[in-house]
Amino acid sequence: MPFNLLKISPRVAMSIVAFLPPVCFAQSVYIAQSAETAQSAENPQSDEEPQSAKTSQNIQNNNVERYTVTATRPYYDETLSRIFPQYQFDKANLVSPLHTNDILLQSPSVSLNGQSGQIQSINIRGYSRWRIQTLLDGVPIVSDRRAGSSIGFVPPDFISSVSVLPGAASTYLGSGALGGAVNLLLSDTPTPYVRMGYSSNQQMKALSYADTSNDKGKTDWNMSLRSANNGEDANGNTLFDEFEQTALFVRHQPKSGVIKEVWTLYTDNKDIGKSSSDFPESRVTTYPKNTHWLGKLSFAAKQLSGGIWWHQSSLDTTVLRPQTRINESENSAFDYGFDIKTQSEWQDWLVNWQLQVSGREGIVADEAEFSLMPSSTGLLNTLPARSFNPELAFETRTLNASEINTAGIVDASNQWGRFSIAVGGRVDWQRQSNNDVTITGANTSATATSKATNLSGYIGTNYQLSNHWAVSVYVSSAFRNPSLTERFFAGETPRGKVLGSTALETEQAINTQASLAYSNKYVQGSVDMFYQHINDYIERISIADDVLQYANLNSATIKGVSYQLNWQSREGMLDARLSGMWMQGEDNKNMAIADIPANNQRLDVGLRWHDTRFFTVLAYRASKSDIADGERALDDLFTLDVGASWQFNERTQFQVSWSNLTNQHFYTSADDKAAFAQGESVQLALTYLL
């Protein structure tokens with residue numbers, strides 16, 4: 001794997017050079033459908049109709065682009081619908097081009113985590129990284145990065161709706177859902193359209209085109225092209241957050257037969273800058289290439305249904321430490337899975353059975369390090385003369401592993417008058433293999449295979465106090481087996497050398513949640529109180545200068561309160577949503593644990609006047625001084641976004657928004673490597689129905 005600076009595009013190379021010091025380089029499940037159209041409208045909900053009917057009334061054919069965030073239940077199982085309330089979020093307060101995370105941030109349970117940029121990850125109620133599961137239409141998105149998986153490779157125009165499941169969710173999703181899950185559903189195309197977007201801060205340009213055909217079933221396809229330069233923070237300092245993205249999505253739904261749906265998505269992401277506080281003086285991290293090819297086939301026959309999915313991914317990383325060295329890594333993986341389920345009744349109980357099989361093959365990470373030696377000729381003809389020649393120091397394979405997982409799941413639900421109950425359980429067996437016994441982290445004598453059997457389950461109840469009030473209690477358990485990286489990796493990362501450990505124990509967690517919900521014709525809302533306890537918490541600890549190792553800590557607890565309140569006026573002209581969360585987390589020694597987000601509150605207000613909608617989003621993030629290792633304190637701040645959309649005619653819509661209107665200067669998260677957020681920016685979007 002020889003290193004070659006030509007792997008970095010000229011645009012990225014010039015970006016790196018431009019900002020280096022001179023000495024360097026010579027210088028839920030109800031799902032609201034999304035009509036990819038140019039209009040948006042809302043109707044007040046009726047008290048007397050079931051929730052699913054209310055949802056349908058809010059979706060006007062071909063004139064609403066709506067997103068649903070389910071704050072307490074995943075899309076993939078209807079059992080939990082008996083015990084949890086539902087919330088609707090639309091895209092009226094979002095203007096393309098945007099980041100896919102912006103859709104998820106409408107939920108008070110979700111916040112940004114880690115460092116910034118196109119592949120930034122998220123946090124759910126204090127859980128992040130490998131402790132939350134990200135899915136794309138039910139396909140798990142697994143990453144070997146410690147930062148966890150990112151959905152930035154999916155163009156926002158491809159997404160029709162999202163669901164958020166906070167709390168332990170291993171019963172349905174297994175090891176990766178210790179702290180919850182998010183699922184993104186891919187959009188239908190009721191009407192062909194073309195959409196163009198522009199964002200001023202990054203000079204981001206976006207173009208998407210969607211079409212549909214009804215020959216021998218329904219076939220949708222969507223293509224997206226996006227590119228962005230480096231943005232700026234509120235003080236005008238450059239943020240290394242550029243990227244290029246090309247994506248194609250195709251889905252076919254046959255008119256009849258066993259196969260109900262098949263889809264595939266391919267995305268090619270290039271020259272992705274990692275926005276970090278280290279840039280550009282001490283470290284420049286670039287992802288020259290990040291590709292994803294995934295797909296899913298869904299089937300149903302008589303009492304059985306299920307699906308088959310796959311995900312092929314690759315990620316190249318280049319880390320430049322000025323005047324010192326360059327580290328390059330190449331990661332690749334092939335993930336696959338199969339599930340089959342059936343439903344039955346037993347003494348008035350609705351019972352679901354499911355078998356899941358999933359695996360990961362070809363999990364390979366190769367690394368090379370190059371020392372920077374002074375040269376008088378330069379690295380590239382685009383770089384100045386006084387440069388440094390890279391000289392190979394070493395190259396090695398830091399990870400070569402695989403795993404297989406099998407699970408059986410059963411859940412049941414029932415209702416007696418005002419009282420509902422749902423229960424579920426899972427038995428899970430996993431086998432992880434180190435395919436290169438020379439890569440065993442800190443324990444070179446350890447066996448190359450690790451096996452684990454785990455049990456998890458939940459019970460939830462709901463009691464309807466009156467026509468408008470309901471109370472529910474939900475208790476769930478979860479587990480997380482150490483990832484392949486935590487067990488077997490040994491190599492260099494942007495934070496230094498990291499060693500895995502085959503002696504790691506499985507994390508175990510208990511989540512308890514109590515909710516009080518209210519709903520009438522114009523007001524819907526709930527308050528959720530949660531308490532989460534985790535044992536054998538896995539974290540990286542320092543064992544030497546610039547050397548980290550994964551280890552089990554004793555235990556940690558996370559507790560807090562979240563709320564949501566929606567209101568619509570009688571005439572449908574005004575709507576508002578108030579949401580927020582308070583929380584804290586500490587270990588068994590009463591010390592703060594990492595990734596606990598700052599308390600936050602958010603107010604969304606919309607006004608509809610004839611064919612125009614105005615909106616504003618006022619968000620408050622409290623200060624944070626109770627921090628863990630690897631974090632920095634945060635100041636409190638208010639941010640303000642405003643925008644509007646105009647419906648010119650039946651086919652054309654124009655949208656404009658002004659984000660961070662007051663140009664606030666703040667860090668995106670408490671991570672001590674996080675960069676500042678983008679300063680003020682104007683977004684423009686034009687949609688035309690074909």
Side-chain angles (χ1 to χ4, degrees), residues 1 119 121 129-136 139-150 153 173-178 267 269 287 289-295 309-317 327-338 356-368 395-407 428-444 446-452 480-494 497-504 506-507 538 540 549-550:
M1 187 187 64
I119 61 174
S121 57
R129 310 180 194 273
W130 290 310
R131 297 185 180 95
I132 60 173
Q133 181 65 270
T134 301
L135 304 103
L136 181 63
V139 176
I141 307 301
V142 183
S143 173
D144 296 295
R145 298 173 59 239
R146 178 178 178 267
S149 59
S150 169
F153 71 90
L173 295 174
S175 175
L178 186 83
T267 68
N269 305 267
Y287 303 98
K289 187 175 183 180
N290 179 25
T291 63
H292 296 262
W293 178 49
L294 62 162
W309 57 265
W310 77 92
H311 180 199
Q312 178 74 55
S313 62
S314 65
L315 176 67
D316 295 348
T317 306
N327 289 95
E328 183 187 70
S329 66
E330 297 178 354
N331 294 69
S332 61
F334 180 74
D335 303 337
Y336 61 90
F338 166 82
Q356 292 180 355
V357 178
S358 62
R360 309 194 69 213
E361 294 291 337
I363 314 303
V364 174
D366 292 323
E367 179 186 331
E395 56 182 345
T396 185
R397 176 155 291 182
T398 56
L399 182 66
N400 182 9
S402 60
E403 71 178 35
I404 184 73
N405 196 92
T406 303
D428 187 281
W429 178 83
Q430 184 187 70
R431 182 180 185 269
Q432 295 178 321
S433 300
N434 182 2
N435 300 329
D436 186 348
V437 294
T438 63
I439 304 173
T440 51
N443 190 355
T444 56
T447 168
T449 301
S450 177
K451 299 179 180 179
R480 187 181 77 86
N481 295 315
S483 68
L484 294 172
T485 299
E486 289 169 317
R487 286 204 191 279
F488 303 130
F489 180 86
E492 193 72 26
T493 74
K497 188 172 184 179
V498 175
L499 304 177
S501 173
T502 56
L504 291 173
T506 297
E507 294 180 341
I538 299 175
R540 293 192 304 196
Q549 182 183 5
Y550 290 103

(request) Please examine the side chains of Leu315 and Tyr287, heavy atoms only from C-beta on, and report whether any two atoms are closer than 4.5 Å. (result) yes
(message) Using side-chain contact (heavy atoms from CB on, under 4.5 Å), reason through Asp316 and Glu328 one step at a time and then give a plain yes or no.
(response) CA-CA 7 Å; Asp316 295 348; Glu328 183 187 70; over 6 Å; no
(request) For the residue pair Thr291 and Phe153, establish whether any side-chain heavy-atom pair is separated by less than 4.5 Å. (result) no
(request) Calculate, to the nearest 0.5 Å, the distance between atoms CD1 and CD belonging to Ile141 and Gln133 respectively. (result) 8.5 Å
(message) Other residues, nucleotides and ligands only: do more than 12 of their heavy atoms fall within 6.0 Å of CH2 on Trp293?
(response) no
(request) With the side chain counted from C-beta on, respond yes when Asn435 and Ser402 share a heavy-atom pair under 4.5 Å apart, and no when they do not. (result) yes
(request) I would like to know whether Glu403 and Arg487 meet salt bridge (Lys or Arg N to Asp or Glu O under 4.0 Å); could you show each step before the answer? (result) CA-CA 12 Å; Glu403 71 178 35; Arg487 286 204 191 279; over 6 Å; no
(message) Can you give me the closest heavy-atom contact between Leu484 and Ala401, atom names plus distance?
(response) CD2-CB, 3.9 Å
(message) Minimum heavy-atom separation for Val139 and Trp310, please, with both atom names.
(response) CG1-O, 4.3 Å
(message) With rounding to the nearest 0.5 angstrom, report the CG to CG distance, Leu173 to Asp428.
(response) 11.0 Å
(message) Quick one, Phe488 and Thr502 - any side-chain contact, counting heavy atoms below 4.5 Å?
(response) yes
(message) Please give me the minimum heavy-atom distance between Gln549 and Gly500, naming the atom from each residue.
(response) NE2-O, 4.1 Å
(message) Before you tell me yes or no, could you show the steps for Ile119 and Arg145 under side-chain contact (heavy atoms from CB on, under 4.5 Å), namely the whole-Å CA-CA distance, both residues' side-chain angles and the distance that decides it to 0.1 Å?
(response) CA-CA 11 Å; Ile119 61 174; Arg145 298 173 59 239; 3.8 Å; yes
(message) Contact between Arg480 and Ile538 at the side-chain level, heavy atoms closer than 4.5 Å - yes or no?
(response) yes
(request) Taking the side chain as every heavy atom from C-beta outward, state whether Trp130 and Asp144 have any atom pair closer than 4.5 Å. (result) no
(request) Quick one: closest heavy-atom pair of Val498 and Tyr550, and the distance? (result) CG1-CE1, 3.5 Å
(message) Can you confirm whether Arg431 sits close enough to Thr449 that some side-chain heavy atom of one is under 4.5 Å from a side-chain heavy atom of the other?
(response) yes
(message) Give me the atom names and distance for the closest heavy-atom approach of Ser121 to Ser149.
(response) CB-O, 3.8 Å
(request) Enter the distance from Ser329:OG to Arg397:CZ here, rounded to the nearest 0.5 Å. (result) 12.5 Å
(message) Working to the nearest 0.5 angstrom, can you tell me the gap between Ile404 CD1 and Arg360 CZ?
(response) 12.0 Å
(message) Once rounded to the nearest 0.5 Å, what's the spacing between atom OG of Ser175 and atom CZ of Arg131?
(response) 11.0 Å
(request) Would you mind reporting whether Pro482 and Thr506 have side-chain heavy atoms less than 4.5 Å apart? (result) yes
(request) Can you see which heavy atom on Gln432 is nearest to which on Ser483, and at what distance? (result) NE2-C, 4.0 Å
(request) Calculate, to the nearest 0.5 Å, the distance between atoms OG and CG belonging to Ser313 and Leu294 respectively. (result) 9.0 Å
(request) Show the numbers, then the answer: is there a side-chain contact (heavy atoms from CB on, under 4.5 Å) between Asn290 and Thr267? (result) CA-CA 8 Å; Asn290 179 25; Thr267 68; over 6 Å; no
